[in-house]
Amino acid sequence: MTTPVTIVGAGLGGLTLARVLHLHGIPATIYEAEISTDARTQGGQLDIHEYNGQLALEAAGLTDEFRAIIHEGGEALRVLDQHGAVLLDQPDDGTGGRPEVLRGDLRQLLINSLPDEMIQWGHKVTSVRPLGDGRHELTFADGPTVTTGLLVGADGAWSRIRPLLSDAKPEYVGTSFIETYLYDADRRHPAAAKAAGDGSLFAVTAGKGILGHREADAVLHTYVALNKPQDWITATLASPETAAAQVAAEFTGWAPELTALITDGETALAPRPINALPIGHRWDRVPGVTLLGDAAHLMSPFAGEGANLAMFDGAELGKAIAAHPDDIEAALAEYEQALFPRSAQFAAESDKNHQLIFGDNAPASLLALLMGQESTE
């Protein structure tokens with residue numbers, strides 16, 4: 001194949017694509033806006049699924065390396081009511097199919113699997129324009145341009161590449177996460193640590209919840225979920241001195257070991273508004289360009305599929321290009337034909353789960369979902 005692949009975005013999906021292409025001897029370059037691998041924190045734990053994320057890592061030849069970074073015990077699951085009573089407690093017995101890893105560790109694993117020159121750091125795309133015949137020109141913030149015959153937008157929710165294919169834009173789904181951390185929790189915050197358990201925590205009622213992950217080294221990573229307008233979230237977090245108390249006030253009457261996950265947080269409360277593209281987002285075939293991951297199918301996180309799908313997209317696209325090295329349009333058409341129904345299915349599942357987790361019948365609806373009594377198809 002003589003046409004190098006230009007990938008915008010060094011997230012999990014873009015990196016997986018680059019790795020699969022590298023294994024097949026296909027030249028590729030990733031252009032990433034961040035200036036280095038550690039320019040910002042990479043988020044918390046991810047559960048990597050047998051039917052997509054793990055298959056992508058297998059295609060990338062990285063299964064053993066992935067197994068080495070798994071947080072053992074992290075698949076444990078606990079559901080509490082607002083008073084701290086345990087409604088469901090599932091230990092991690094090692095038989096589950098969704099092992100947990102830190103996003104940052106997984107991203108670094110993928111970065112380490114690529115030659116250094118494949119990733120061009122500090123290249124923020126400011127504009128892109130079609131040149132005809134499937135070619136596109138990228139302009140970067142610091143001035144230079146690149147012309148490519150095969151462009152892949154792996155640049156997330158607010159993709160610069162998506163407008164080449166679609167007018168769709170992400171919209172707020174009505175729920176925001178507010179994120180914080182507790183460190184050395186078993187020693188310094190024993191009541192909260194006991195309530196959180198060994199893996200994932202869900203404590204929800206209609207329209208709100210306190211969710212969390214236990215990470216390695218007794219770190220509790222908390223996501224406070226509120227069905228609130230974005231303006232409310234912005235105004236509430238504007239003053240760091242009062243933010244925790246204002247957020248905790250939304251949980252008046254809840255067990256103190258749960259609200260301590262908010263009031264005792266050791267990092268500034270960080271807003272994480274949840275946005276999504278329309279369910280079933282698709283586009284007509286445009287020569288020389290496609291999308292993967294959140295750029296293609298941003299969805300709410302309530303099916304846990306975002307990172308898994310991004311990696312699976314990358315692996316499937318890489319395999320399609322390798323199978324049709326002399327017919328790029330055939331490769332892209334084959335990839336998109338499978339991408340669209342796959343992403344529509346999981347986007348619909350995520351939306352349905354969102355309604356169940358924070359609906360009027362929560363936490364009963366969440367328990368039914370987790371116990372398989374509520375279909376997620």
Return a table of donor-acceptor pairs under 3.5 angstrom between the side chains of residues 249-262 and protein atoms on other chains or two or more places apart.
{"unit_1": "Glu250", "atom_1": "OE1", "unit_2": "Lys228", "atom_2": "NZ", "d": "3.3"}
{"unit_1": "Thr252", "atom_1": "OG1", "unit_2": "Ala249", "atom_2": "O", "d": "2.8"}
{"unit_1": "Thr259", "atom_1": "OG1", "unit_2": "Pro256", "atom_2": "O", "d": "3.3"}

Is any NZ, NE, NH1 or NH2 atom of the basic residue among Asp167 and Arg162 found under 4.0 Å from an Asp or Glu carboxylate oxygen of the other?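 No salt bridge links Asp167 with Arg162.
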
Electrostatic pair Asp155-Lys124, nearest N-O below 4.0 angstrom: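 Salt bridge flag = no for Lys124 with Asp155.
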
Under a 4.5 Å side-chain heavy-atom rule over Ile, Leu, Val, Met, Phe, Trp and Tyr, are [X] and [Y] clustered together?
X	Y	value
Leu339	Leu150	yes
Leu226	Val204	no
Leu23	Leu110	no
Leu165	Trp158	no
Tyr223	Leu182	no

Contact check, side chains of [X] and [Y], non-hydrogen atoms, under 4.5 Å:
X	Y	value
Glu266	Tyr181	no
Asn275	Val173	no
Pro271	Ser176	no
Phe177	Leu211	yes
Thr222	Ile178	no
Ile30	Leu15	yes
Asn308	Tyr51	no
Met299	Leu277	no

Name of the residue among Arg272, Lys208, His354 meeting side chain to side chain donor-acceptor pair (under 3.5 Å) with Thr175: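 Exactly one option meets the side chain to side chain donor-acceptor pair (under 3.5 Å) with Thr175, and it is His354.
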
Show the nearest heavy-atom pair for residues [X] and [Y], with the distance to one decimal.
X	Y	answer
Leu80	Gly84	CD2-O, 3.9 Å
Ser200	Glu100	OG-OE2, 4.0 Å
Gly197	Arg214	O-NE, 2.7 Å
Ser166	His281	OG-NE2, 2.7 Å
Asp89	Val86	CB-CG1, 3.8 Å
Ala307	Leu12	CB-CD1, 3.8 Å

If you count heavy atoms of other groups shown closer than 6.0 angstrom to [atom1] of [X], is the number above 12?
X	atom1	answer
Leu88	CG	yes
Asp93	CG	yes
Asp142	CG	yes
Glu171	CD	no
Glu137	CD	yes

Would you be so kind as to tabulate the donor-acceptor pairs closer than 3.5 Å made by side chains of residues 55-75, with sequence neighbours excluded?
{"unit_1": "Arg67", "atom_1": "NH2", "unit_2": "Gln54", "atom_2": "OE1", "d": "3.0"}
{"unit_1": "His71", "atom_1": "ND1", "unit_2": "Gln45", "atom_2": "OE1", "d": "2.7"}
{"unit_1": "Glu75", "atom_1": "OE1", "unit_2": "Arg98", "atom_2": "N", "d": "2.9"}

Stepwise side chain to side chain contact (heavy atoms under 4.5 Å, CB included) test for Leu131 and Thr147: CA-CA 9 Å; Leu131 301 176; Thr147 300; 3.7 Å; yes

Measuring from atom [atom1] of [X] to atom [atom2] of [Y], what distance do you get when rounded to the nearest 0.5 angstrom?
X	Y	atom1	atom2	value
Thr290	Leu317	OG1	CG	6.5 Å
His324	Leu332	NE2	CG	10.0 Å
Leu292	Glu316	CG	CD	11.5 Å
Leu109	Leu102	CG	CG	12.5 Å
Ile274	Tyr172	CD1	OH	7.5 Å
Asn361	Ile357	CG	CD1	13.5 Å

Asp184 and His189: side chain donor to acceptor below 3.5 Å: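 Side chains of Asp184 and His189: no pair found under 3.5 Å.
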
Just by modelled atom types, is the [Y] backbone N or O under 3.5 Å from a matching donor or acceptor in the [X] side chain?
X	Y	result
Arg19	Ser113	yes
Ser159	Gly153	no
Arg107	Ala10	yes
Thr234	Asp231	no
His83	Asp81	no
Asp313	Gly293	yes

Sort out for me which residue in Val125, Leu138, Val8 forms a side chain to side chain contact (heavy atoms under 4.5 Å, CB included) with Arg160.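 The single option meeting the side chain to side chain contact (heavy atoms under 4.5 Å, CB included) with Arg160 is Val125.
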
For Phe140 and Val146: C-alpha separation, side-chain torsions, deciding distance, then whether side chain to side chain contact (heavy atoms under 4.5 Å, CB included) applies. CA-CA 8 Å; Phe140 301 102; Val146 168; 3.5 Å; yes

Which is it for His297 and Phe346 under the side chain to side chain contact (heavy atoms under 4.5 Å, CB included) test, yes or no, and what are the steps along the way? CA-CA 9 Å; His297 47 66; Phe346 285 115; over 6 Å; no

In this structure, is the centre-to-centre distance between the rings of Phe358 and Phe302 below 6.0 Å?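 They qualify: ring centres under 6.0 Å apart.
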
When the ring centroid of Trp283 is compared with that of Phe340, is the distance short of 6.0 Å?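 Close enough - the centres of the two rings lie under 6.0 Å apart.
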
Walk me through it: do Tyr31 and Thr6 pass the test side chain to side chain contact (heavy atoms under 4.5 Å, CB included)? CA-CA 8 Å; Tyr31 293 96; Thr6 297; 3.7 Å; yes

